[in-house]
Amino acid sequence: MFRKIADAVTSRPILFLIAFALITIIGCINLPKIKFDFTPQQLFKVSGDDLAYREAFADTFGREDNSFFILIDSKDVYDPTNIIALRDAVEELKALDAVRAAESLTTLPLPRSGKDPATLTTETMIPRKGDVNKATAATFRDFASQEPLLTGRFVNQKGTRTLIVVWFDTDISDVGPLQTAIDEVHSAFEKVTWTSDTTFRFGGIPQLRTEIVRNLKRQQLTFIPATGLAYLIVLFFLFRRISGVLAPIAVV
């Protein structure tokens with residue numbers, strides 16, 4: 001059988017070279033369409049104890065696969081400008097279709113003393129709209145610094161670092177829609193105004209997934225052409241003929 005194939009190739013070299021060239025061109029055209037994906041489940045064996053434990057934990061306490069974090073550093077996160085930005089950023093994020101929920105230290109409902117004696121309220125101290133004056137910001141600082149559900153969790157003790165937690169819709173599992181959702185979060189986050197010394201970092205499994213896939217794709221798009229070029233050079237020195245170079249590289 002192999003002899004018949006060899007005879008067919010050697011008797012019609014031009015035809016096979018054209019066929020190989022067409023296959024190569026089609027492969028090059030479709031190279032940018034290569035898709036990569038990564039999920040946390042791939043870190044565990046399919047039938048491993050770690051995966052079973054993870055699934056049991058997720059069923060009990062919820063999944064972290066779609067939790068997205070925005071870490072915010074500033075000289076004073078309780079500055080009225082930053083307080084307003086935190087509140088408005090959360091509202092912008094909640095308006096996105098891909099976002100199921102979003103919270104920050106300014107929007108998290110916590111029980112505290114109400115206006116009337118012996119009453120409790122969960123209404124946030126920061127108004128939902130409008131400006132925030134320095135007195136309100138100072139009162140909120142005093143409250144948050146003594147609230148264990150905020151200090152050490154949503155804001156550090158010094159008041160220089162806080163975060164926004166975003167939960168994407170659980171239906172978003174493919175990396176393509178997830179990347180679109182993250183881009184929308186970035187765009188919405190940039191609409192609000194912060195103090196000039198404020199910096200941001202993004203994290204969470206969705207961010208890791210998209211970065212890993214993006215890096216894999218970039219590396220493959222660099223590695224595959226570089227490998228092809230190396231083959232061309234080696235084959236040229238071996239055969240010193242165009243047909244001896246094109247035929248093997250087209251098959252590969």
Side-chain angles (χ1 to χ4, degrees), residues 61-169 180-208 210-211:
F61 300 102
R63 295 184 178 276
E64 76 287 352
D65 299 4
N66 285 19
S67 300
F68 184 80
F69 304 96
I70 305 172
L71 187 66
I72 303 160
D73 287 299
S74 179
K75 290 182 179 179
D76 184 11
V77 298
Y78 295 106
D79 184 283
T81 300
N82 289 334
I83 292 292
I84 295 172
L86 278 169
R87 177 199 64 192
D88 294 347
V90 170
E91 294 303 318
E92 290 284 348
L93 295 173
K94 286 182 177 179
L96 299 177
D97 294 336
V99 173
R100 179 168 54 88
E103 295 293 349
S104 73
L105 68 98
T106 61
T107 60
L108 193 67
L110 295 173
R112 59 187 177 87
S113 299
K115 295 181 180 180
D116 299 326
T119 60
L120 290 175
T121 180
T122 57
E123 185 69 22
T124 58
M125 298 180 66
I126 304 303
R128 297 184 181 275
K129 294 182 180 180
D131 294 333
V132 176
N133 56 40
K134 292 184 178 180
T136 302
T139 302
F140 182 67
R141 179 200 296 270
D142 295 337
F143 168 75
S145 62
Q146 300 175 12
E147 175 53 62
L149 294 177
L150 291 179
T151 299
R153 289 170 172 80
F154 271 86
V155 62
N156 66 348
Q157 191 70 44
K158 296 180 179 179
T160 58
R161 175 172 293 174
T162 185
L163 59 81
I164 296 176
V165 183
V166 180
W167 291 272
F168 289 123
D169 195 313
T180 301
I182 291 177
D183 292 340
E184 290 177 351
V185 168
H186 285 211
S187 299
F189 194 72
E190 292 171 355
K191 293 181 180 179
V192 297
T193 303
W194 306 81
T195 55
S196 58
D197 61 329
T198 305
T199 58
F200 317 100
R201 281 178 284 180
F202 302 92
I205 289 181
Q207 183 76 18
L208 290 175
T210 55
E211 287 184 0

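Positions are given from 1 along the sequence. Computed from a predicted structure; not experimentally measured.
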Does Lys134 come within less than 4.0 Å of Asp79, counting only side-chain N to carboxylate O? no

Verify the neighbour count for atom CG of Asp142: are there more than 12 heavy atoms of other residues, nucleotides or ligands below 6.0 Å? yes

Would you confirm whether Thr160, through its side chain, and Ser74, through its main-chain N or O, come within 3.5 Å as a donor-acceptor pair? no

Donor-acceptor pair, side chain of Thr139 and main chain of Ala135, under 3.5 angstrom: yes

Which heavy atom of Leu108 sits nearest to which heavy atom of Leu150, and what is that distance? CD2-CD2, 4.0 Å

Strictly below 4.0 Å, N to O, side chains only: are Arg100 and Asp169 in salt-bridge contact? no

Could Asp76 and Arg141 be called an ion pair, given the rule that one side-chain N must be under 4.0 Å from one carboxylate O? yes

Exceeds 12 heavy-atom contacts within 6.0 angstrom, atom CG of Asn133: yes

I'd like to know if the side chain of Asp73 reaches the main chain of Phe200, judged simply by a donor and an acceptor atom lying under 3.5 Å from each other, with no hydrogens or angles considered. no

Can you tell if the side chain of Val165 reaches within under 4.5 Å of the side chain of Phe154, non-hydrogen atoms only? yes

Give me the atom names and distance for the closest heavy-atom approach of Pro80 to Val132. CB-O, 3.3 Å

Closest non-hydrogen atom pair, Glu147 against Leu110: CG-CD1, 3.6 Å

What are the two closest heavy atoms between Ala98 and Ala181, and how far apart are they? CB-CB, 3.6 Å

Quick one: are Val185 and Phe168 in side-chain contact, heavy atoms under 4.5 Å? yes

Any ion pair linking Arg128 and Glu123 (charged N to carboxylate O, less than 4.0 Å)? yes

Of the non-hydrogen atoms in Tyr78 and Ala144, which two are nearest, and what is the gap between them? OH-CB, 3.4 Å

Look up atom OG1 in Thr195 and atom CD1 in Ile83, then write down how far apart they are to the nearest 0.5 Å. 10.5 Å

How many angstroms lie between CG in Leu105 and OG1 in Thr124, if you round to the nearest 0.5 Å? 11.0 Å

Residues in side-chain hydrogen bond (donor to acceptor under 3.5 Å, both in side chains) contact with Thr210, at least two apart in sequence or another chain: none

Mind checking whether Thr106 and Thr162 have side chains closer than 4.5 Å, heavy atoms only? no

Is a side-chain N or O of Arg87 found less than 3.5 angstrom from the main chain of Pro127, in a donor-acceptor match? yes

May I ask you to check whether Phe69 and Trp167 place their ring centers less than 6.0 Å from one another? no

Is the shortest side-chain heavy-atom distance between Asn82 and Thr198 below 4.5 Å? yes

Got a second to check how far Ser196's OG is from Lys75's NZ, nearest 0.5 Å? 7.5 Å

Straight-line distance of Ser67 OG to Ile205 CD1, nearest 0.5 Å: 7.5 Å

Are Arg161 and Leu71 side-chain neighbours, meaning at least one heavy-atom pair lies under 4.5 Å? yes

pair Val155-Val77: side-chain heavy atoms closer than 4.5 Å: yes

Is a donor on one side and an acceptor on the other found under 3.5 Å between the side chain of Thr151 and the backbone of Pro148? no

Measuring from atom CG of Leu86 to atom CD of Glu103, what distance do you get when rounded to the nearest 0.5 angstrom? 12.0 Å

Under 4.5 Å between any side-chain heavy atoms of Ile164 and Val90, yes or no? yes

Supply the atom-to-atom distance Ile84 CD1 to Thr136 OG1, rounded to the nearest 0.5 angstrom. 10.0 Å

May I ask you to decide if the ring planes of Phe189 and Trp194 are parallel, tilted or perpendicular, using 30° and 60° as cut-offs? tilted

